[in-house]
Amino acid sequence: MTDMPARRLLLVHAHPDDESINNGVTMARYAAEGAHVTLVTCTLGERGEVIPPELAHLTGAALGGHRREELAAAMRALGVDDFRLLGGPGRFADSGMMGLPDNDDPGCLWQADVDRAAGLLVEVIREVRPQVLVTYDPNGGYGHPDHIQAHRIATRAVELAAEAGCPVDKVYWNRVPRTVAEEAFARLGEALPGLPFERAADIEDVPGVVDDERITTEIRGEGFAQAAKAAAMRAHATQITVDGSCFVLSNELAQPLFTTEYYELVRGGRGPGDGEHGRESDLFAGIGNGDGIEEAS
Ligand SMILES: [Zn+2]
């Protein structure tokens with residue numbers, strides 16, 4: 001792997017669109033800086049609700065196929081070439097929202113054996129050898145079974161990869177600081193009369209909101225990365241409608257589009273904090289040239 005870039009980032013997500021909403025700025029920035037960015041998506045999201053009426057006929061496998069194309073378009077917008085479906089396209093079915101009968105489908109991600117699914121991700125880790133992995137918190141950010149399962153698979157894969165001599169130096173969970181979410185919703189409330197959306201979501205609808213003290217890292221989206229994120233989100237047209245600084249999902253409740261992305265470091269040493277509030281401004285902070293973590297100064 002002599003031609004592999006020095007910095008390698010792996011993101012593990014549940015459905016096409018989650019990567020752009022959570023990490024679009026981060027992915028665009030690192031891809032542009034020449035890092036190797038790998039996205040592993042666990043399902044095709046074929047049980048998602050479709051927003052545009054003209055695409056509402058898409059369900060099941062047809063929707064999965066369409067969302068795969070949306071994902072490819074989003075990756076073009078972010079400049080990311082390496083994106084994969086865990087175990088290949090269609091290996092794991094979308095589990096649907098928590099509590100639905102879909103959760104019992106033996107082929108769905110929620111029913112998957114975590115160790116076996118993690119084994120598939122270990123194969124990717126052994127190939128790409130990422131220093132940094134990004135995924136959700138244990139609640140999947142907001143309780144969707146596929147997001148919870150993506151967390152479990154990613155977490156187990158990091159353990160198994162380490163045992164196989166292929167350690168991932170740092171693991172981050174996607175986060176939003178509570179004060180940032182509160183300020184963004186306050187601005188959204190003021191802007192709402194001029195927007196094409198009738199109502200705003202609640203802070204509780206935003207995945208991964210936690211008290212500010214838990215945030216270790218922030219990746220700012222100035223310039224192109226911000227625009228790339230919005231373009232990537234627009235590419236997921238069956239799932240997302242973007243308008244300026246906010247967007248809606250199929251519930252039609254407006255949410256702020258965060259142009260700075262936040263993380264909580266949960267594995268590995270924290271690098272130098274040169275960002276706001278002493279936070280890291282780089283997911284690779286403190287990592288040497290593939291030699292593991294350097295001492296944080
Ligand atoms: Zn999702």
Side-chain angles (χ1 to χ4, degrees), residues 10-27 39-51 55 58-60 63-75 78 80 83-87 89-100 102-103 105 107-112 114 117 121 133-155 172-176 201 204-209 229 232-242 247-253 255-258 261-263:
L10 172 63
L11 303 104
V12 181
H13 275 292
H15 312 109
D17 80 353
D18 293 317
E19 79 297 325
S20 298
I21 297 169
N22 285 280
N23 312 111
V25 158
T26 304
M27 294 171 76
L39 169 67
V40 173
T41 306
C42 294
T43 81
L44 285 168
E46 70 276 11
R47 286 186 167 118
E49 281 181 54
V50 174
I51 298 177
L55 296 174
L58 293 171
T59 58
L63 178 56
H66 187 86
R67 293 191 67 177
R68 214 177 146 196
E69 291 171 18
E70 290 181 340
L71 180 63
M75 292 306 97
L78 298 178
V80 171
F83 54 100
R84 314 163 184 220
L85 275 300
L86 184 67
R91 172 70 178 260
F92 299 104
D94 186 332
S95 310
M97 289 293 186
M98 187 63 94
L100 296 180
D102 297 333
N103 303 166
D105 172 355
C108 81
L109 189 69
W110 187 237
Q111 295 295 331
V114 170
L121 187 57
L133 183 146
V134 169
T135 192
Y136 314 107
D137 69 20
N139 188 41
Y142 74 112
H144 190 295
D146 289 331
H147 288 237
I148 294 171
Q149 197 75 324
H151 161 85
R152 291 175 179 165
I153 291 165
T155 303
Y172 290 96
W173 291 343
N174 296 307
R175 289 301 193 198
V176 178
E204 289 70 37
D205 297 324
V206 176
V209 174
K229 174 174 184 165
M233 288 175 64
R234 283 195 171 91
H236 293 289
T238 60
Q239 307 300 308
I240 305 174
T241 306
V242 178
F247 70 99
V248 296
L249 301 172
S250 62
N251 61 15
E252 295 183 0
L253 301 175
Q255 298 187 34
L257 196 166
F258 293 107
E261 293 169 347
Y262 300 89
Y263 299 93

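This one's a predicted model, so the numbers in the text were calculated from it and none came from an experiment. Remember, it's 1-based here, ligands and their atoms both numbered in the order they're listed. Values below: every heavy atom of this structure, side chains too, minus hydrogens, waters and symmetry copies.
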* Asked: Just wondering, do Ser95 and Asp102 contact through their side chains at under 4.5 Å, heavy atoms?
  -> no

* Near the Zn ion (ligand 1), which protein N/O/S atoms are found at less than 2.8 Å? -> His15 ND1, Asp18 OD1, Asp18 OD2, His147 NE2

* Is the count of non-hydrogen atoms from other residues, nucleotides or ligands lying under 6.0 Å from Met98 atom CE greater than 12? -> yes

* Asked: When rounded to the nearest 0.5 angstrom, what is the spacing between SG in Cys108 and CG in Asn103?
  -> 6.5 Å

* **Reference residue Arg47; test side chain to side chain contact (heavy atoms under 4.5 Å, CB included); the match among Leu63, Asp105, Thr59, Asp146** => Asp105

* To do: Determine whether the aromatic ring centres of His147 and Tyr136 lie less than 6.0 Å apart.
  => yes

* Asked: Stepwise, does the side-chain hydrogen bond (donor to acceptor under 3.5 Å, both in side chains) test hold for Tyr263 with Asn23?
  -> CA-CA 10 Å; Tyr263 299 93; Asn23 312 111; 2.9 Å; yes

